[in-house]
Amino acid sequence: MTQRFKSWALGVLLLVSVPVWAGACAQDMAAVDKGLKAQYGGDGSWWMIFACPVDMGSRLKKDAIVTPEQIKSITSMRNLAYIQMGRGDDALCVQTLAPAKRLLRVN
């Protein structure tokens, strides 16, 4: 009877924890995307309305916490994690995004 209860309890625990864990990769991906987007753009002045949108999006902000080289590595980590997420390997996706989140100082 105890063995049956243990297996039942383990099954319930897995069913309860899987939906929360499965979304971790998507949440991390959204956090990295938001962190990357926060690094780019103009200075927020009113005359930036007339600036070329391509030019505005291609420069890092003055107070950016990453360098252009780090942006390249973060982008490659993000692309690799996206492929892993598509394959259903959420644990590896979360591991891949961990250094990117650390560089962007995202929780």
Side-chain angles (χ1 to χ4, degrees):
M1 184 72 170
T2 1
Q3 182 65 15
R4 199 174 277 184
F5 177 73
K6 286 180 183 178
S7 63
W8 177 80
L10 181 62
V12 169
L13 181 65
L14 287 174
L15 286 176
V16 171
S17 65
V18 167
V20 173
W21 181 68
C25 181
Q27 290 173 352
D28 286 356
M29 187 82 64
V32 168
D33 287 344
K34 185 178 177 183
L36 280 173
K37 197 176 289 186
Q39 300 299 308
Y40 286 100
D43 57 2
S45 302
W46 65 269
W47 58 82
M48 292 303 289
I49 297 170
F50 301 108
C52 175
V54 173
D55 185 42
M56 281 177 48
S58 64
R59 289 182 296 175
L60 287 174
K61 288 183 177 180
K62 290 180 182 177
D63 59 346
I65 57 173
V66 291
T67 64
E69 291 81 22
Q70 289 173 327
I71 290 286
K72 288 179 185 176
S73 67
I74 290 170
T75 304
S76 65
M77 287 179 217
R78 189 221 173 271
N79 292 340
L80 182 60
Y82 183 77
I83 293 170
Q84 293 164 346
M85 185 176 73
R87 292 182 180 165
D89 196 357
D90 284 343
L92 191 57
C93 173
V94 170
Q95 284 180 339
T96 303
L97 289 175
K101 287 175 56 178
R102 192 174 339 110
L103 284 171
L104 292 170
R105 297 183 188 136
V106 179
N107 293 343

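All values reported here derive from a predicted model rather than from experimental measurement. Both backbone and side-chain heavy atoms feed into the values below; hydrogens, waters and symmetry mates do not.
Cluster membership for Met77 and Tyr40, using ILVMFWY side-chain heavy atoms within less than 4.5 angstrom, is not shared. In the hydrophobic clustering of this structure, Leu97 groups with Ile71; members are Ile, Leu, Val, Met, Phe, Trp, Tyr whose side-chain heavy atoms approach within less than 4.5 Å, directly or through other members. Hydrophobic clustering (side-chain heavy atoms under 4.5 Å, transitive across Ile, Leu, Val, Met, Phe, Trp, Tyr) groups Ile65 together with Val32. Cluster annotation: Met85 and Leu36 are assigned to the same hydrophobic cluster (Ile/Leu/Val/Met/Phe/Trp/Tyr, side-chain heavy-atom contacts under 4.5 Å, transitive).
Side-chain contact between Thr67 and Gln70 is present, with at least one heavy-atom pair separated by less than 4.5 Å.
Applying the side-chain hydrogen bond (donor to acceptor under 3.5 Å, both in side chains) definition to pairs two or more places apart or across chains, those involving residues 77-86 are Asp33-Arg78, Gln84-Thr96.
We find the CZ-SG distance between Arg87 and Cys93 to be 12.0 Å, quoted to the nearest 0.5 Å. Atom CG in Leu80 sits 7.0 Å away from atom CG in Leu92 (nearest 0.5 Å).
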For residues 99-107, tabulate all N or O donor-acceptor pairs below 3.5 Å that involve a side-chain atom, not counting sequence neighbours.
residue: Lys101; atom: NZ; partner: Asp28; partner atom: OD1; Å: 3.0
residue: Lys101; atom: NZ; partner: Asn107; partner atom: O; Å: 3.4

